[in-house]
Amino acid sequence: MVQATHGVLITGDVVLIEFIRSLNEEQPPKERFIIKDLGEKNLFIKDKKVEFVQKKVAEWQQSLRFEPKKDQQQQQQQ
Amino acid sequence: MVEGLVSFITTSVRGEQLERLFVQPYAVVAILRSLPPLARHMLLRLASTAGTVPAGKRTLADSWATSDGSSKLSAALCELAELGLLAKEPHDGQVTYTVNAGFQAQLRRTMCSGCACPLPGHPAAPVPSAAELDAYARRQWEALLLYLVNGNGTPPMAPPVLHATPIDIPSLLAAAGLMVKDECTLEQKITEHGFQFLLANLYSQLWSAVRQYLTLLNTAGGADLAVAINFLLRLGLQGAAAAMAHSQLDSAERTIAAHMCQLGLLMPVPGANELWLHPTRLAAVLAGGGRAGEAAVAPEEGYVIVESNFRVYAYTTSAVQVAVLRVFVRCDALLPNLFVGTITRESATNALDTGIAADQVVAFLRQHAHPRAAAKTPTVVTDQIRLWAQELKRLQEKNATLYDKFESKELYVGAVAHARQLNALLYSCEDRRQLVVESAFHGLMVGHLKERKQALGL
């Protein structure tokens with residue numbers, strides 16, 4: 001019998017998908033969200049966890065940026 | 001503008017409004033000019049006849065084409081029929097082509113006498129200088145843009161000397177989708193389309209506003225739409241050079257002229273015993289149409305300087321220009337005649353989030369570049385804006401259904417083909433026999449799979 005599973009298909013570049021996979025590994029077994037790994041650029045995940053993944057990806061992208069003005073302000077405060 | 005107006009006529013105007021339009025002289029000329037050559041030729045021939053020409057084989061209409069050309073002839077005649085200019089109907093037992101009577105009469109009149117509008121003569125009042133016309137046009141148009149950006153403040157008013165009910169600018173902007181009314185505060189706020197409108201070039205802005213005005217007239221019904229289109233076509237075909245005398249316009253035209261004054265396209269100048277309406281720079285841009293229009297008129301001075309360290313300096317005193325820049329530039333300092341800012345990742349992504357495309361931002365910076373700045377905006381800046389836009393689209397998600405464990409290869413291949421046909425295929429892997437299809441099409445896929453399984457006997 002053909003099995004049908006509902007969820008969300010995520011597409012992105014290789015680096016991003018790898019990051020999401022490692023995010024999945026970090027979660028305790030109950031919280032893991034990847035239903036099926038569909039190759040280098042696609043993942044099939046649970047629909048309830050989409051916002052969580054988006055939030056984590058945004059945080060990761062933010063952590064890779066350098067904002068000089070903010071840093072200067074922090075130095076001045078210190 | 002003329003092409004835009006003709007396409008507006010052919011797509012949006014129907015029925016009685018179309019009949020009223022066909023008796024307007026400038027509309028007739030514009031429609032005739034916009035037809036392809038063969039259709040134009042046929043229309044002129046038919047207009048010179050009594051009005052009805054028998055159709056069908058071995059008749060007059062058929063004899064106009066050689067055996068090779070008869071398909072082209074019938075295609076041209078069909079095109080005329082679709083525009084409502086020609087009607088193919090049974091008449092006295094024979095099928096005939098009938099030209100629209102009003103159109104035919106107006107066409108004959110125009111062909112014989114030309115598009116003679118009463119000559120304005122030389123205005124007795126002093127003709128306003130180019131600077132005065134520019135100042136008036138800029139004042140009116142900027143009031144509109146400022147209202148769009150801020151949502152409060154006064155929209156441009158119609159000059160009281162013309163005694164006409166003005167356009168309701170807030171509802172015009174709301175109907176165009178540029179502003180949306182907040183139910184709680186009852187104030188209007190700018191929308192995503194509004195931001196895109198602000199960053200567009202002057203011709204697109206003017207044409208959107210005029211088009212929305214015509215759509216409102218179309219829905220309101222009445223004779224005003226035909227008169228408005230005729231008035232605008234007259235402005236377009238005459239090149240917006242000569243002044244118009246207010247007294248020579250009839251009452252419907254006077255209302256439209258007052259509305260055009262409110263938008264800044266015409267400037268009223270009271271003379272000795274006559275009120276003259278002078279077309280401004282905005283009217284010339286609109287009449288010229290797009291690039292040609294902007295090129296024909298002396299371009300406005302650019303005012304933005306972008307440095308390769310992402311700093312932006314704009315020499316401007318206009319609140320609208322500052323507001324538009326603030327959409328995607330972080331303001332660092334605002335002096336009476338200078339705006340200083342920086343394009344940061346935050347400011348750019350905020351703008352890109354509201355739906356503005358990176359190309360629009362880059363086009364805006366290029367278009368309004370200061371004449372003393374380098375010929376190009378720095379590639380670092382334009383590339384970085386495009387990269388930030390790409391970053392926002394890095395992760396894409398779609399509600400989908402995964403189909404797994406297909407019993408046979410034929411079933412799998414059939415399912416993939418069906419999904420492709422529905423334009424719903426998102427991912428397929430033949431080795432593992434996995435298929436991902438958009439969620440919305442789940443019902444159809446289930447139906448298809450059941451059918452195929454029965455057909456294959458599984």
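Proteins get letters first, then strands, A, B, ... in listed order; numbering begins at 1 in each. Fair warning: this is a prediction, and the values are worked out from it, not measured in the lab.
We find the NZ-CG distance between A:K36 and B:D404 to be 4.5 Å, quoted to the nearest 0.5 Å. Expressed to the nearest 0.5 Å, how far CD of A:Q61 lies from OG1 of B:T349 amounts to 10.5 Å.
Residue B:F441 places its CZ atom among more than 12 non-hydrogen atoms of other residues, nucleotides or ligands, all under 6.0 Å distant. Under a cut-off of 6.0 angstrom, the local environment of CZ in B:R394 is crowded, with over 12 non-hydrogen atoms contributed by other residues, nucleotides or ligands. The number of heavy atoms from other shown groups lying within 6.0 Å of CZ (B:R386) is above 12. Atom CD of A:E59 has more than 12 heavy atoms from other residues, nucleotides or ligands within 6.0 Å. The number of heavy atoms from other shown groups lying within 6.0 Å of NE2 (B:H370) is above 12. Counting non-hydrogen atoms of neighbouring residues, nucleotides and ligands closer than 6.0 angstrom, the CD atom of A:Q54 exceeds 12 such neighbours.
Ranked by heavy-atom pairs shorter than 4.5 Å toward chain A, the options B:V436, B:T401, B:L426 are led by B:T401. Between chain B and the residues A:N42, A:V8, A:I35, A:V50, the most heavy-atom pairs under 4.5 angstrom are made by A:V8. Interface check for chain B: of the options A:I45, A:V53, A:T5, the most heavy-atom pairs under 4.5 Å are formed by A:T5. When each of A:I17, A:L16, A:L38 is scored by its heavy-atom pairs under 4.5 Å with chain B, the top score falls to A:L38.
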Derivation of the side chain to side chain contact (heavy atoms under 4.5 Å, CB included) call for A:T11 and B:K398
CA-CA 9 Å; A:T11 319; B:K398 201 104 191 192; over 6 Å; no
Could you walk me through whether B:E346 and A:R65 satisfy the salt bridge (Lys or Arg N to Asp or Glu O under 4.0 Å) test, starting with their C-alpha distance in whole Å, then the side-chain angles of each, then the deciding distance to 0.1 Å, before giving a yes or no?
CA-CA 11 Å; B:E346 211 180 311; A:R65 304 296 149 207; over 6 Å; no
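Both the backbone and the side chain of B:L395 have a heavy atom closer than 4.5 Å to some heavy atom of chain A. With a 4.5 angstrom heavy-atom cutoff, B:R432 touches chain A only via side-chain atoms. No part of B:E438 comes within reach of chain A, as not one of its non-hydrogen atoms sits under 4.5 angstrom from that chain.
By the 4.5 Å heavy-atom criterion applied to side chains, B:E397 and A:L9 are not counted as neighbours. Side chains of B:Q396 and A:I10 form no contact here, defined as non-hydrogen atoms less than 4.5 Å apart.
Scanning all heavy atoms of the two residues, the minimum distance from B:Y427 to A:G39 falls at OH-N, 4.4 Å.
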